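Worksheet for the structure shown next.
One-based numbering, in listed order, for ligands and for the atoms of each. These figures come from a predicted structure and were not determined experimentally.
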Amino acid sequence: MQPSDVYSIIEKHNQLFAESISLIASENVTSMDVRRCYLSDLGHRYAEGKVGNRYYEGCRYIDEIEQMAIDLTKKLFNAEHVNVQPISGVVANLAAFYATTKVGDKIMSISVPCGGHISHEKVSAAGVRGLEVHHYPFNIEEMNIDVAETEKLAKKVKPKLFVLGSSLILFPQPVKEVKEIADQIGAKVLYDASHVLGLIAGKKFQDPLKEGADVVTGSTHKTFFGPQRAIILCRKELAESIDNAVFPGVVSNHHLNTLAGYVVAAMEMLEVGEAYASQVVKNAKALAERLFDLGYKVLGEKNGFTKSHQVAVDVREFGGGEKVSKKLESAGIILNKNLLPWDSLKSTSNPSGIRIGVQEVTRLGMREEEMEKIAELMDSVLRDRKSIDFVRSEVKAMKKDFCKIKFAFNECNPYSMQV
Ligand SMILES: *Cc1c(COP(=O)(O)O)cnc(C)c1O
């Protein structure tokens, strides 16, 4: 075996995505300006500690970069304190749990079928911290937590932390209302903005800090423009406990090459984030509406289907999420099966739904017109109106015009290995 064996597999992977329409809601593409940073010597170094106070020598330029990351993050999110060291969203949540709870504490989180993330559950970060997890009452019609029922339950359970933010998130969540409940029982509020961080930065979604969240965590690579890592935002009072929970708590090296990439991504957000986020939300709505018109069971109808980058569809009549996502993949449309609120965790292998995210195709320049076309292509596959091969060739032809990142300082092809 030789290095070229790996490179040729990567080329094939790039080709697959260049010819597909990717609608995975948790992914995005990074610009070449961001990627140039990954390849630098920074990826070989350590910088344990804080800016200006490191355990290793040789950190003077790393300090400059990390300070830029801190300043830009504060500016983008209007935050009193930020930590830019977590290397992923789960790691950020684990740190936030360390900083805000003790072993044995109770928390309230959104269950996975209702859209919550596994890291808010006993099987993942919440369990690692030894937390007892209770779930919010959820209103399926609203696709949101039920505040009145939450208040009743919270007075019985007395959680120490309310976790908000989801992986299936169609609408803003009642941060202010939950904060009021939390204040009555001396609890804190954590908002996990992993999915919607780019929409918040682009000022097209709720601002959880302003609405009362004590801590905000978030992956930087879903609707945000960054490489795979995460940030934490918090009030001054929590600054020290958050920083200690991150290092030495859950991070040693903090991936300095992608930290530099994150700095460039934050600059891109400041420059084009509002225009991008606005188009993302419009596109999601356009896709949802066209699917609904075609007769699909799109969730959230009562509230206009979506106010985020996501669309959720109940596809039980087409054989369920497993069958549908596989069939769409064979036609070049890549998305994921998803549990829906009425599903039990036992149906994870074939849940009721699919989740669609339009942030990546939006970054590649697609607009409402293309969203309608995508809905029609999906319909051609699911109702067997055209052959899979025919739809795959249509997808490929359509994608040809959308292989450049538009929302960036410099247009670039994300599927190229040329940096
Ligand atoms: C994706 C996601 C995470 C995990 O992020 P990673 O960066 O993959 O570790 C955490 N919370 C929510 C709500 C998510 O959607």
Side-chain angles (χ1 to χ4, degrees), residues 22-30 83-98 100 107-129 131 133 135-136 138 143-145 161-173 175 178 189-200 205-206 208 213 215-233 245-246 249-251 254-255 258-259 261-262 265 280 306 308-312 335-339 341 348 353 355-360:
S22 182
L23 302 168
I24 303 275
S26 56
E27 297 177 354
N28 215 319
V29 280
T30 52
N83 189 299
V84 296
Q85 296 182 338
I87 54 169
S88 80
V90 172
V91 167
N93 283 342
L94 191 52
F97 291 150
Y98 269 100
T100 56
I107 66 165
M108 196 164 281
S109 70
I110 298 168
S111 73
V112 169
C114 293
H117 189 257
I118 40 164
S119 58
H120 310 159
E121 298 283 350
K122 207 172 169 53
V123 292
S124 175
V128 172
R129 180 55 172 153
L131 300 172
V133 179
H135 291 139
Y136 291 96
F138 195 83
M143 279 306 281
N144 221 322
I145 66 176
L161 180 70
F162 289 85
V163 182
L164 289 168
S166 305
S167 299
L168 176 62
I169 181 164
L170 302 174
F171 304 110
Q173 295 176 349
V175 178
V178 168
V189 176
L190 161 67
Y191 187 100
D192 179 345
S194 290
H195 261 274
V196 288
L197 198 70
L199 304 183
I200 295 171
F205 205 72
Q206 68 188 147
V215 184
V216 175
T217 54
S219 309
T220 51
H221 48 268
K222 298 184 181 180
T223 52
F224 203 86
F225 293 159
Q228 293 180 322
R229 48 188 300 120
I231 56 172
I232 304 179
L233 322 171
V246 175
V250 294
V251 163
H254 57 290
H255 300 188
T258 61
L259 176 65
Y262 167 75
V280 167
T306 179
S308 73
H309 59 303
Q310 296 184 2
V311 178
L335 46 68
N336 66 278
K337 61 186 173 197
N338 218 88
L339 289 167
T348 306
R355 184 184 66 172
I356 307 170
V358 301
Q359 69 295 335
E360 180 172 337

Pick out the protein N or O atoms lying less than 3.5 Å from any N or O of ligand 1, and list each pair with its distance.
| unit_1 | atom_1 | unit_2 | atom_2 | d |
| --- | --- | --- | --- | --- |
| ligand 1 | 5 (O) | Ser219 | OG | 3.0 |
| ligand 1 | 7 (O) | Gly89 | N | 2.7 |
| ligand 1 | 7 (O) | Ser219 | OG | 3.1 |
| ligand 1 | 9 (O) | Ser88 | OG | 3.2 |
| ligand 1 | 9 (O) | Gly89 | N | 3.1 |
| ligand 1 | 9 (O) | Val90 | N | 2.9 |
| ligand 1 | 11 (N) | Asp192 | OD1 | 3.4 |
| ligand 1 | 11 (N) | Asp192 | OD2 | 2.5 |
| ligand 1 | 11 (N) | Ser194 | OG | 3.4 |
| ligand 1 | 15 (O) | Ser167 | OG | 2.8 |
| ligand 1 | 15 (O) | Lys222 | NZ | 2.9 |

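- A donor-acceptor contact closer than 3.5 angstrom links the side chains of Asp192 and His120.
- Note: Tyr136 and Phe162 have tilted aromatic rings, judged against thresholds of 30 and 60 degrees for the angle between ring planes.
- In this structure a side-chain-to-backbone donor-acceptor pair under 3.5 Å is missing from Arg229 to Gly261.
- Put simply, the side chain of Glu360 never gets that close to the backbone of Val29: no donor and acceptor are under 3.5 Å apart.
- For Ser219, the side-chain hydrogen bond (donor to acceptor under 3.5 Å, both in side chains) test picks out Ser194, with sequence neighbours left out.
- Between the Ser26 side chain and the Lys222 main chain, no donor and acceptor come within less than 3.5 Å of each other.
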